[in-house]
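Written below as structure tokens is the structure these notes are about.
The basis for the numbers below is simple: all heavy atoms, side chains too, and nothing from hydrogens, waters or symmetry mates. Predicted model, so just to flag it, every value in this text is computed and none were measured.
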Amino acid sequence: FQMHFFFSDKVVLLFDFWNVHSPAGMALSVLVILLLAVLYESIKFGKAKLLHQSLVSMPTSTSQQHEETDQGSSSSSELPPVSRPRLRWFLCHFGQSLIHMAQVVIGYFIMLAVMSYNTWIFLGVVLGSAVGYYLAYPLLRID
């Protein structure tokens, strides 16, 4: 096993079944890794945009709303049911967590592909990251 970058069209990527042994297979593998890097950058920017939108659409503070409901219904000793803003916050947070999990998994796959030390794969990751950043950057525009 080589611990330095090398140019070759023979490599095993991520799984035993992803065994590259031809120039065409290497070109296809570089394309797949490039698209994976584009997806990673898109998820990263999309997650930031979704977080901003969710923070803008959520009420200023759920604790303030809880205090207001407590003052308005102080005669009742029952706990208030889960409010709609809290449910929306929970669903939004759950969705953000799933997106984060996908981002982490894809990021580790990309890292492990680079750790094959194949220069073509490394260049595919770098180019894919650059293309993904270029394409996804307009998502950050705040309206």
Side-chain angles (χ1 to χ4, degrees), residues 1-73 76 78-143:
F1 184 68
Q2 299 179 358
M3 295 293 289
H4 56 82
F5 282 101
F6 62 95
F7 286 94
S8 175
D9 60 356
K10 295 172 181 38
V11 69
V12 176
L13 289 174
L14 301 178
F15 304 101
D16 285 337
F17 63 82
W18 196 346
N19 190 358
V20 180
H21 46 34
S22 70
M26 179 54 72
L28 184 62
S29 296
V30 168
L31 179 65
V32 168
I33 294 295
L34 184 142
L35 292 175
L36 205 59
V38 168
L39 178 64
Y40 177 81
E41 290 294 328
S42 300
I43 288 173
K44 186 170 68 171
F45 280 98
K47 188 172 87 169
K49 180 71 172 183
L50 286 174
L51 179 61
H52 173 74
Q53 287 177 344
S54 66
L55 289 175
V56 167
S57 69
M58 290 290 164
T60 54
S61 171
T62 55
S63 63
Q64 286 176 350
Q65 288 178 343
H66 186 66
E67 289 172 8
E68 290 170 4
T69 56
D70 284 350
Q71 291 171 357
S73 62
S76 162
E78 295 180 24
L79 292 173
V82 176
S83 63
R84 284 203 185 275
R86 285 186 184 213
L87 180 62
R88 276 185 43 207
W89 179 88
F90 173 77
L91 291 175
C92 183
H93 181 63
F94 184 74
Q96 287 279 339
S97 298
L98 290 178
I99 292 170
H100 177 75
M101 188 174 65
Q103 179 186 359
V104 167
V105 168
I106 292 170
Y108 276 116
F109 278 169
I110 291 169
M111 179 200 65
L112 289 171
V114 168
M115 288 179 64
S116 71
Y117 292 103
N118 187 291
T119 306
W120 298 118
I121 298 298
F122 175 73
L123 293 174
V125 168
V126 170
L127 184 61
S129 182
V131 169
Y133 183 89
Y134 179 79
L135 294 176
Y137 185 77
L139 288 177
L140 280 183
R141 190 184 83 226
I142 309 295
D143 294 332

Notebook entry, point to check: What residues form a salt bridge (Lys or Arg N to Asp or Glu O under 4.0 Å) with Lys47, not counting sequence neighbours?
Noted result: none
Next item on the list: Not counting sequence neighbours, list each pair that qualifies as a side chain to side chain donor-acceptor pair (under 3.5 Å) and has a residue in residues 12-38.
Entry: Trp18-Ser29
Listing, residues 35-43 side-chain donor-acceptor contacts under 3.5 Å, not counting sequence neighbours, or none:
residue	atom	partner	partner atom	Å
Glu41	OE1	Lys44	NZ	3.2
Glu41	OE2	Ser129	OG	3.2
Ser42	OG	Val38	O	2.9

Next item on the list: Just jot down the ring pair (Phe, Tyr, Trp, His ring centres under 6.0 Å) partners of His100, sequence neighbours excluded, or say none.
Entry: none
Next item on the list: Could you tell me which non-hydrogen atom of Ala113 sits nearest to which non-hydrogen atom of Leu13, and how far apart they are?
Entry: O-CD2, 4.0 Å
With rounding to the nearest 0.5 angstrom, report the [atom1] to [atom2] distance, [X] to [Y].
{"X": "Met3", "Y": "Tyr117", "atom1": "CE", "atom2": "OH", "answer": "4.0 Å"}
{"X": "Met101", "Y": "Ile106", "atom1": "CE", "atom2": "CD1", "answer": "10.5 Å"}
{"X": "Leu91", "Y": "Arg86", "atom1": "CG", "atom2": "CZ", "answer": "14.0 Å"}

Notebook entry, point to check: Tell me, do Val20 and Lys10 make a side-chain contact under 4.5 Å, heavy atoms counted?
Noted result: no
For residues 119-127, tabulate all N or O donor-acceptor pairs below 3.5 Å that involve a side-chain atom, not counting sequence neighbours.
residue	atom	partner	partner atom	Å
Thr119	OG1	Phe6	N	3.4
Thr119	OG1	Phe6	O	3.0

Check: Considering residues, nucleotides and ligands other than Tyr137, do more than 12 of their heavy atoms fall under 6.0 Å from its OH?
Finding: no
Check: Residues in side chain to side chain contact (heavy atoms under 4.5 Å, CB included) with Leu50, at least two apart?
Finding: Gln53, Gln96, Ile99
Next item on the list: Could you walk me through whether Arg88 and Cys92 pass side-chain contact (heavy atoms from CB on, under 4.5 Å), step by step?
Entry: CA-CA 6 Å; Arg88 276 185 43 207; Cys92 183; over 6 Å; no
Next item on the list: Take Phe94 and Trp89, measure what side-chain contact (heavy atoms from CB on, under 4.5 Å) needs, and give me the verdict at the end.
Entry: CA-CA 8 Å; Phe94 184 74; Trp89 179 88; over 6 Å; no
Check: For the side chain of Asn118 and the backbone of Ser8, is there at least one donor-acceptor N/O pair under 3.5 Å apart?
Finding: yes
